[in-house]
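As the structure is a computational prediction, the values presented were derived from the model and not from experiment. Chain A is the first sequence line, chain B the second, and so forth, proteins listed ahead of strands; every chain is numbered from 1.
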Amino acid sequence: MKNHCKSKSMNALSTPWNTQLRELAKRCQFLQALSLYPQMLRHGDRPNAFTFPFALKSCAALSLPILGSQFHGQITKVGCVFEPFVQTGLISMYCKGSLVDNARKVFEENFHSRKLTVCYNALVSGYVSNSKCSEAVLLFRQMNEEGVPVNSVTLLGLIPACVSPINLELGSSLHCSTLKYGFDSDVSVVNCFITMYMKCGSVNYAQKLFDEMPVKGLISWNAMVSGYAQNGLATNVLELYRNMDMNGVHPDPVTLVGVLSSCANLGAQSVGHEVEFKIQASGFTSNPFLNNALINMYARCGNLTKAQAVFDGMPERTLVSWTAIIGGYGMHGHGEIAVQLFKEMIRSGIEPDGTAFVCVLSACSHAGLTDQGLEYFKMMKRNYQLEPGPEHYSCMVDLLGRAGRLKEAQTLIESMPIKPDGAVWGALLGACKIHKNVELAELAFERVIELEPENIGYYVLLSNIYSNANNSKGVLRIRIMMKEKKLKKDPGCSYVELKGRVHPFIVGDRNHLQSDEIYRVLEELEAIIMQEFGKPEKDNREESNKDGFTRVGVHSEKLAVAFGLLNTTTGAEVVIIKNLRICEDCHLFFKMVSKIVHRQLTVRDATRFHHFRNGSCSCKDYW
DNA sequence: CTAGGGTTAG
């Protein structure tokens with residue numbers, strides 16, 4: 001190449017450099033691409049309009065706006081600022097480096113660009129990615145007014161502006177107007193709308209769009225998988241994953257991340273394991289997103305050994321990897337290990353963020369490491385300039401509360417510089433239940449229902465506190481409140497994972513295809529239990545309708561056990577996936593059943609299952 | 001200029 005360069009004219013000389021630059025940028029080797037530029041100058045070769053777009057793209061990808069602005073200077077000198085590719089490159093580079101005002105300046109100063117769709121597109125998407133959505137919408141209107149043609153890329157840049165539930169209206173009006181442009185048959189535009197509706201929580205609408213697509217691409221499937229996963233619809237994710245397979249669509253890393261996240265929420269370890277196998281078979285083993293999702297999945301399913309193994313096997317661990325493994329140890333009560341790992345992470349030069357602190361604080365709380373937790377809370381601000389949010393305060397209230405330091409917890413809430421949310425008062429209420437403090441519970445309850453009047457969990461909690469204190473007046477008062485507000489506790493739910501399918505059960509469920517047989521097994525089991533161990537102390541079955549409240553029918557856990565026993569072959573492990581806080585009645589039932597059958601019954605924590613976000617599914621609390 | 005992704009108590 002060197003010989004080439006010396007012998008040709010200036011302009012043509014830069015061509016081999018440009019080709020190499022373009023190749024490197026295409027392969028995302030941006031640093032190498034940028035290092036080519038000084039080499040080129042050293043050779044005495046001049047950059048031209050074909051050089052800069054790739055240099056700018058590299059600056060954008062690496063978020064180096066300062067270097068980018070030096071290129072801007074060069075571009076002005078060379079005089080190719082009016083070239084569309086250079087211009088859009090500049091706008092995009094400044095936007096990716098968060099210098100939107102510079103981008104706007106480039107856009108405004110260039111007369112020729114005013115009518116160019118690509119330049120508008122670059123700025124529209126730049127505004128959106130810098131969360132300046134109203135500016136993006138204004139610019140979009142301006143395009144229409146000035147008669148600049150809108151293309152599908154314009155929409156791809158603009159639609160993500162409407163990804164929060166607040167913007168659903170704007171999003172759907174945008175959707176309506178795109179019908180007018182005729183982009184409703186463009187696969188990428190529809191994919192983008194699917195994502196938008198999913199992020200707005202409008203799952204049904206997203207599903208409708210997906211179902212009506214005549215041609216679906218891998219990204220369409222992925223948008224649905226991730227959307228379901230983000231909305232906590234883990235069973236839908238698994239169903240869709242099977243459907244993909246049947247339609248001959250091959251999953252890629254993005255698909256598998258969504259599937260793993262749902263396995264984590266369901267506690268569906270065997271599907272998760274299957275996915276891990278697929279990852280290895282497809283050669284995705286070094287994808288950091290996938291490894292983090294694997295750590296999370298194994299940790300949540302209680303398999304800390306495997307979570308640790310994935311973590312140890314990663315060539316590079318990001319903050320998210322550390323957070324996932326720390327959270328995993330924390331949620332299973334290994335507070336000391338979690339704290340050790342947190343220290344190790346800091347030693348390895350990774351700075352914790354707010355999320356990492358939530359994990360370590362809650363780990364301290366679960367393990368009773370009260371002072372350690374207090375120390376970390378102080379450290380947030382002192383060492384890392386992180387302002388504690390309400391989620392950190394609720395961890396602290398939980399930490400102090402569990403340790404019986406209720407007064408300190410209350411003082412902490414009162415000293416908060418930000419407004420406490422429902423979770424903060426809720427944590428105090430929970431602590432009052434553990435330490436049987438009725439008086440403080442009443443205060444916490446009053447505050448928490450001001451903030452979350454619809455959250456049934458808190459009513460149930462206070463009612464149970466009254467009940468433990470034999471305060472029947474209190475219990476009645478809460479029930480009347482709930483009745484007046486027409487609040488009803490969501491039923492609890494248990495899952496059994498069998499041959500890769502997840503079977504959900506709710507209290508008194510009759511929906512399952514094998515419903516009759518399940519009830520038969522249950523009755524048999526209970527008959528044997530009666531025979532062997534006598535009548536269980538508590539039996540909540542068939543208590544109906546006194547004072548208008550529905551009472552517990554047949555517990556979901558019991559149905560799940562009966563289903564498991566009915567459908568597994570000898571020696572198979574029955575996995576009951578359930579909220580850890582099962583009631584004494586069910587606990588007794590589990591113990592007796594596992595004595596009767598010589599199979600292993602495993603109880604898993606699935607409290608994270610989003611369906612129950614607004615109230616625990618502890619069946620004791622179900623009225 | 002350009003659609004889909006991992007970590008967050010109670």
Distance test, side-chain N/O of A:Thr195 to OP1/OP2 of B:dA3, below 4.0 Å: no
Spacing between A:Asn291 atom CG and B:dG5 atom C1', to the nearest angstrom: 13 Å
Separation of atom NZ in A:Lys26 from atom P in B:dT2, rounded to whole Å: 17 Å
Separation of B:dT7 P from A:Ile326 CD1 (nearest whole Å): 15 Å
Between B:dT7 (C1') and A:Met297 (CE): distance, integer Å: 15 Å
Minimum-distance nucleotide (side-chain atoms of A:Asp398 versus B:dA3, B:dT8, B:dG10): B:dG10
Distance test, side-chain N/O of A:Gln230 to OP1/OP2 of B:dG5, below 4.0 Å: yes
Salt bridge (charged side-chain N to carboxylate O under 4.0 Å, His left out) between A:Lys306 and A:Glu276, worked out: CA-CA 11 Å; A:Lys306 289 223 72 167; A:Glu276 190 184 20; 3.3 Å; yes
Touch class at under 4.0 angstrom, heavy-atom based, for A:Arg402 against every strand present: sugar-phosphate
Nearest listed nucleotide, side chain of A:Ser125, among B:dG5, B:dA9, B:dT2: B:dT2
Distance in Å, A:Leu99 CG paired with A:Met93 CE, rounded so as to fall on 0.5 Å steps: 8.0 Å
Rounded distance (Å) that lies between atom C1' of B:dT8 and atom CG of A:Leu319: 12 Å
Closest non-hydrogen atom pair between A:Ala229 and A:Val237, with its separation: N-CG2, 3.5 Å
Verdict with reasoning, A:Phe445 to A:Tyr459, per ring-ring contact (aromatic ring centres under 6.0 Å, His included): CA-CA 8 Å; A:Phe445 178 74; A:Tyr459 295 84; 5.4 Å; yes
Side chain of A:Leu156 - closest among B:dC1, B:dT7, B:dT2: B:dT2
Touch class at under 4.0 angstrom, heavy-atom based, for A:Asn151 against every strand present: nothing
Sugar-phosphate, base or nothing in reach of A:Thr318, heavy atoms under 4.0 Å: base
Phosphate contact (B:dG10 OP1 or OP2) by A:His366 side-chain N/O below 4.0 Å: yes
Rounded interatomic separation in angstrom, taking CG from A:Asn265 and C1' from B:dT8: 12 Å
Shortest side-chain distance from A:Phe289, nucleotide among B:dT8, B:dG5, B:dT7: B:dG5
Minimum-distance nucleotide to A:Ile219 side chain [options: B:dC1, B:dG5, B:dA3]: B:dA3
Whole angstrom value for the distance that separates P of B:dA9 from CG of A:Asp353: 13 Å
Short side-chain N/O contact to B:dT8 OP1/OP2 from A:Arg300, under 4.0 Å: yes
A:Ser362 side-chain proximity, nearest of B:dT7, B:dC1, B:dA9: B:dA9
Sugar-phosphate, base or nothing in reach of A:Asn287, heavy atoms under 4.0 Å: base
Sugar-phosphate, base or nothing in reach of A:Ala427, heavy atoms under 4.0 Å: nothing
Below 4.0 Å: OP1/OP2 of B:dG5 and any side-chain N or O of A:Lys199: yes
Side-chain N,O (A:Lys57) to OP1/OP2 (B:dT2) below 4.0 Å: no
Any donor-acceptor N/O pair, A:Asn231 side chain to A:Gly227 backbone, under 3.5 Å: yes
Geometric class of the A:Phe71/A:Phe52 ring pair [parallel <30°, tilted 30-60°, perpendicular >60°]: perpendicular
Nearest-nucleotide pick for A:Ser394, side chain only, options being B:dA9, B:dG5, B:dC1: B:dA9
Touch class at under 4.0 angstrom, heavy-atom based, for A:Pro84 against every strand present: nothing
Rounded distance in Å - CG (A:Asn191) to C1' (B:dA3): 5 Å
Name the atoms and distances for all side-chain donor-acceptor pairs under 3.5 Å in residues 348-358 of chain A, with sequence neighbours left out.
unit_1: A:Ser348; atom_1: OG; unit_2: A:Met345; atom_2: O; d: 2.8
unit_1: A:Asp353; atom_1: OD1; unit_2: A:Thr355; atom_2: N; d: 3.3
unit_1: A:Asp353; atom_1: OD1; unit_2: A:Ala356; atom_2: N; d: 3.0

